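Right, one structure below, let's go through it.
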Amino acid sequence: MLQSSKRRMNCVLVTVSLLLGGALSALAAPTTASITVQMDQPGIQVPSTLHGLFFEDINYGADGGLYGELVQNRSFEHRDALYAWTELVRGAAAGQISICNEAPLNATNPHFLRIAVKNAADGGVGAVNSGFDSIALQEGDSYLLSIYARRHAGEKAVLKIQLENASGRILAADTINEIGTTWKKYELKLRCVATEPKAKLVVLATQPGAVDVDMISLFPEKTFKGRRNGLRADLAQALADIKPGFLRFPGGCIVEGKDVNNMYRWKDTIGDVAERKENWNVWQDRVSPQYSQTYGLGFFEYFQFAEDIGAEPLPIINCGMTCQARQGLPVPLDQLDPYVQDALDLIEFANGSVTSKWGAKRAAMGHPKPFNLKFLGVGNEQWLQEYFDRYAVFYKALKAKYPAIQLITTAGPQPNDGLWQFAWDKFKSGTPADIVDEHYYRPPQWFLEQNGRYDTYDRKGPKIFVGEYAAHEPKRTNTLRSAIAEAAFATSLWRNADVVSMASYAPLLANINHTQWGPDLIWFDNARISLTPNYYVQAMLSQNRPDNVVPVKVVAPQVQPPPITGRIGVGTWLTQSEFKDVTVTRNGEVLFKSEFSNNNLDWDLFSGDWSIIDGALRQTSGDENCRVFIGDISWTDYTLSLKARKLGGSEGFLISFGGRDGENITWNMGGWGNTQHGLDVPGAVDAFVPGKIETGRWYDIRVEIKGASVKCFLDDKLVQQADSKPTSTLFASAGRDKKTNEIIVAVANASDTPQTASVNLTGIKAIKPNAQAIVLTSAQPGDENTLNKPNRIKPTKEAVTLSGPQFERTFPAWSFTVLRITP
Ligand code: AHR
């Protein structure tokens, strides 16, 4: 890897002033770069909100994640009412459990569990909860159990509550004896005698008769800040440690939901947890088909957590639209009032006086003081006129009542497609917007190439909220390389802090057993967490954010982009299609020619229903992402040509190339509901162009690859192309921390080679010799942290000695360095 990349290094030249101050590294490579920090310039102010957090209940981020509840399906309101529970008949007892609904706890919690004991003998009858794939317990810790119960008149009821390991060893236990005939909440404190990662909760009735139970809840006593109904301490602390400037909540697509009943409505998420109306989770998938939302981590808990960690709350409200990416429908404009009212009421809930209707509810939950809400997002990733019609209604109503609240407007799901363009055309032609939310999930190379993105944004236009971003590696893992690409990009956010006021990596959390989306900032299981290199980049950025940044000039060698290398594939998304005459040629030589003559499919199947019919390869499933692949992972500089015909469904074709080990570049034709063609590759001239694929006609498709460039033709017409450009090895930004008066210099080296740069702090006469360097790097750019090896990549803090405001420093290959220097 190192060798080949070194070959790519094109030591294009740089004029270097060899200003030898205190050489910092004994291993210094020859100086080939310079970083000039213009401390004599006034610079621009950096908002304290620049680096924040994006929270969404995806990947079991809330239930089974940050929310401390250990019992899954505590209220029996899951659509499979006994989900995570199993019946238990112990000893020689007899009886059964059932789900009932007469005279329930309350109207929003209509189901409960009835335990009917015919004969208790020497055991009992009850139910076992498996938690979220089990319950992790710590020796010596206490766990707070609560349960609503009632016995039937004239019958006895005693409940034994036990925490047990897989072989039935009791790790903590207690008994509830005096159960009345009406619903009542009972609470126990269970002290655990041994550490056990795979425990379960047993609820056992030990007297003949029937007992009804509901809202069976178990929390560690040690939650974040010891709060009742609180957050898992290690995860919450890791988030607090970043010192985020804001906290976005509750997402993400979850705000939108798949249909009207699935929309996130904040009023469902406050008040007594036993009265919160549960919902299924829009991120339900094949891995986690039972994914639900208890809303235990609701809007009150969210505001409180934001306050606890010193972050500005930044809620995103449903704007009367379901998820357009999931073919959702908007609420008709004449039925929008309740959604607008929700938005107005949310502001009152956060900021209203205790005598206001919603302020009183906040006070009743234990927070009479306002939460001081300043920002509100209107919709997540919505697009086109449907959105702007609804946004206009929200904008008018919100600004009329709360003119000081800064509104966040979405620019859609991509950083540069037709939907994004539509939104920006609106803003440029007078649609008012305080802050525009842009999202991008792109390869590391894209982040390097986009370093100048905001340099040309209108300084008088709306501010930018980079509401979701992450560098996506082929296997969507959290590599050092992806983290350094984000750090390099973030230097441009500092430089453009007069336009970009907020930015957050996404998604935030991922339960290793229930992942819908990677990469993520923090991985966890029930007992452990793993902080990614991307986490450390966010922490370094936020903890070292200057209050003021000055211009920085970087002169450094350039790196050529890697050639597009790898095999080919065809596929579909929610569509049936067929493909034939697939050939791959290089300089007249045929590397591959398809032969669809019998039903012997020798392509590698990823997913879908594929067969050979009438000399063509046919895909008949209606699923998303149906793909097959073939060829050699070392192919470069080739032309792929084929014919394709759509047979039915809602989109077009997925043609891939440059495929290696799960990595594929895709030309998505007729994507996004058959509205656009997308070429998601760094250097794309127009990554998305309007386009559709008709059913029933054969198309000629050709993809020409040369080095890192690609041209895509449809019926011999050039439709899209990409031409990756060389990028700098070094990216830097710098400024001043007003509180400590330190100069902060942040430098990312996004190359395979250490880079030695002369650093010059112009306008600074002298500095204190003792400075600090915080460095994040690792042996290989593909390195990751895992739950088993969580500390492989971590920032190190070094004391460094500088002899003056001009010095040399070697920045290791694939590293991010923050220098703190006292003038
Ligand atoms: O962060 C994961 C998802 O990506 C978010 O829910 C959505 O807003 C985006 O498409």
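Note that the structure is a prediction, hence the values are computed from the model and not measured. Whatever order the structure lists ligands and atoms in, that order sets their numbers, starting from 1.
The closest protein non-hydrogen atom to atom 10 (O) of ligand 1 is E381 OE1, 2.8 Å. Among protein heavy atoms, the minimum distance from atom 8 (O) of ligand 1 is reached at E468 OE2, 2.6 Å. Scanning the protein heavy atoms around atom 2 (C) of ligand 1, the nearest turns out to be Y441 OH, 3.6 Å.
Of all the atoms in ligand 1, the ones that sit under 4.0 Å from a non-hydrogen atom of N380 are 8 (O). Taking a cut-off of under 4.0 Å to the non-hydrogen atoms of G252, the atoms of ligand 1 that pass are 5 (C), 6 (O), 8 (O). Residue W283 has at least one heavy-atom neighbour below 4.0 Å for each of these atoms of ligand 1: 3 (C), 6 (O).
Figure legend: cation-pi geometry between R453 and F489 absent, as NZ or CZ is not positioned both under 6.0 Å from the six-membered ring centre and within 45° of its axis. Relative to the six-membered ring of W517, R476 meets both conditions, a distance below 6.0 Å and an angle of at most 45° to the axis.
Closest non-hydrogen pair, G61 versus Y291, comes out as N-OH, 3.5 Å.
Taking the six-membered ring for Trp and thresholds of 30 and 60 degrees, F299 and F249 have ring planes more than 60 degrees apart, a perpendicular arrangement. Ring geometry for Y457 against Y454 counts as perpendicular: the plane angle is over 60°, on a 0 to 90° scale with 30° as the lower cut.
For the pair P507 and ligand 1, a heavy-atom separation below 4.0 Å is found.
Residues passing the salt bridge (Lys or Arg N to Asp or Glu O under 4.0 Å) test with D80: none are found, sequence neighbours excluded.
Under 4.0 Å from ligand 1, not a single heavy atom of I254 appears. Here Y505 has no heavy atoms under 4.0 Å from ligand 1, in either its backbone or its side chain.
Between W667 and F653, a ring centre-to-centre spacing not shorter than 6.0 Å is recorded.
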